[in-house]
Q: 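Below is a structure I'd like to ask you about.
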Amino acid sequence: MQPRHFISLLDLTSDEFRRLIHRAKQLKTNKDPDFQPLKGQVLAMIFEKSSTRTRISFATGMAQFGGSALFLSPRDIQLGRGEPLQDSAKVISSMVDCIMLRTHSHEMVTTFAKYSSVPIINGLTDLLHPCQLLADMQAFFEHRGDIEGKTVTWIGDGNNMCHSYINAARVLNFTLNIACPEAYYPKQEIVDNAKGHVHIFNSTEAAAENSDLIVTDVWASMGQEGEQKKREIAFKDFQVTKNTMNIANSDALFMHCLPAHRNEEVTAEVIDGSQSVVFDAAENRLHAQKALLEFLLC
Ligand code: CP
Ligand code: NVA
């Protein structure tokens, strides 16, 4: 039987997504050290890119659940020397209970999923970052209740986080306004598949109106460092400021997956201000990851 993978939020039904959020909220408050549903199980974590939150939350989650996690850098395993993905997926999955990958190419994760005998988790690719959305949505539900029917505004690059917000809008049934320079729009296919949920704007002010949540991310993602200067020019009118928050609803929240560049994509006043829940969402990575591991492995 094919194992259940988590590569995109579209792998979840809306009921499953909501159940994961509620389970993560329970796990956050109920820290029973004797609850060890993954005792003796091992998670392999393959990181082609840097990570603080994803690495620590998965490793800590496995430890708290009685299991363990292996940190694998492609530089140190044969994968980095060209061992085929298909062979690597078969071998690694024959020894561990779950594999989490953070890669440049999304196809690397889907190929692993094709040949793995255990669940594959997408810990971020150039295309998607679904784990962050579990944590962000948990933070929204904690502060404001269900997000169905609400309006979220994404400001900035049409990147992996933006794509995952588009998918979340489909699964959880909210409206997503996107303010983005035309050259950096999200992938058309992902937008087209979310018809009715997504509206694209050229100005942050127009996109922020009536919004319940403002979200942004870095202008240059991992792997795009060489484009930093060019992107600073392209995105200069797409910064989240106090004015953006004032245009949004008075109880609007602010989120950013972190790491953030203060006074670039968001002013320090906003990210460190009273509407920001970035550190709640960051902490939620642990609780959401535990709920996800339990969902896939138990
Ligand atoms: N938000 C997020 O995925 O953080 P890391 O890159 O530190 O894992
Ligand atoms: N868009 C960012 C997210 C980091 C968590 C990146 O891919 O670098």
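Every number for a ligand or one of its atoms is a count from 1 in the order of the listing. No hydrogens, no waters, no symmetry mates; every other heavy atom, side chains included, goes into these values.
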Q: In the protein, which heavy atom is nearest to atom 7 (O) of ligand 2, and how far is it?
A: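 The closest heavy atom on the protein side is Asn160 ND2, 2.8 Å.
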Q: What atoms of ligand 2 come closer than 4.0 angstrom to any heavy atom of Leu124?
A: 3 (C), 4 (C), 5 (C), 7 (O)
Q: Ser221 to ligand 2: N or O pair under 3.5 Å?
A: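 Yes - when backbone and side-chain N and O of Ser221 are compared with those of ligand 2, one distance drops under 3.5 Å.
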Q: Please list, by chain and number, the protein residues whose heavy atoms come under 4.0 Å of ligand 1.
A: Ser51, Thr52, Arg53, Thr54, Arg102, His129, Gln132, Cys257, Leu258, Arg285
Q: Check whether more than 12 heavy atoms from other residues, nucleotides or ligands sit under 6.0 Å from atom CD of Gln2, and answer yes or no.
A: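 Yes, because the 6.0 Å sphere around CD of Gln2 holds more than 12 heavy atoms from other groups.
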Q: Around Glu225, counting heavy atoms of other residues, nucleotides and ligands shown, do more than 12 lie under 6.0 Å from its CD?
A: yes
Q: Does ligand 2 have an atom under 4.0 Å from some heavy atom of Thr54?
A: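 Thr54 does not count as a contact of ligand 2 under the 4.0 Å cut-off.
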Q: Do Glu265 and His256 have side-chain N/O donor and acceptor atoms under 3.5 Å apart?
A: yes
Q: What's the shortest distance from atom 8 (O) of ligand 2 to any protein heavy atom, and which residue and atom give it?
A: Met222 N, 2.8 Å
Q: Quick one about Arg262 and Thr267 (side-chain donor to acceptor, distance below 3.5 Å, no hydrogens or angles considered), yes or no?
A: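 No, Arg262 and Thr267 have no side-chain donor paired with an acceptor closer than 3.5 Å.
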Q: Taking only heavy atoms of Asn159 into account, list the atoms of ligand 2 that are under 4.0 Å away from them.
A: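 Numbered from 1, ligand 2 contributes 1 (N).
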Q: Verify the distance criterion only: is there a donor paired with an acceptor across the side chains of Gln41 and Gln36 at less than 3.5 Å?
A: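 Result is no, nothing qualifies.
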Q: Would you tell me whether Asn284 and Glu142 have side-chain atoms, one donor and one acceptor, within less than 3.5 Å of each other?
A: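 Asn284 vs Glu142: donor-acceptor pair found between side chains.
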Q: Do Asn159 and Asp217 have side-chain N/O donor and acceptor atoms under 3.5 Å apart?
A: yes
Q: Can you label the angle between the Phe235 ring and the Tyr184 ring as parallel, tilted or perpendicular, going by 30° and 60°?
A: tilted
Q: List ligand 2 atoms under 4.0 Å from Leu258, heavy atoms only on the residue side.
A: 5 (C)
Q: Quick one: do Asp34 and Lys39 make a salt bridge, cutoff under 4.0 Å?
A: no
Q: Which residue and non-hydrogen atom of the protein lie closest to atom 3 (C) of ligand 2, and at what distance in Å?
A: Asp217 OD2, 3.7 Å
Q: For the residue pair Arg23 and Phe295, would you count it as a cation-pi contact if the rule is NZ or CZ under 6.0 angstrom from the ring centre and within 45 degrees of the ring axis?
A: no
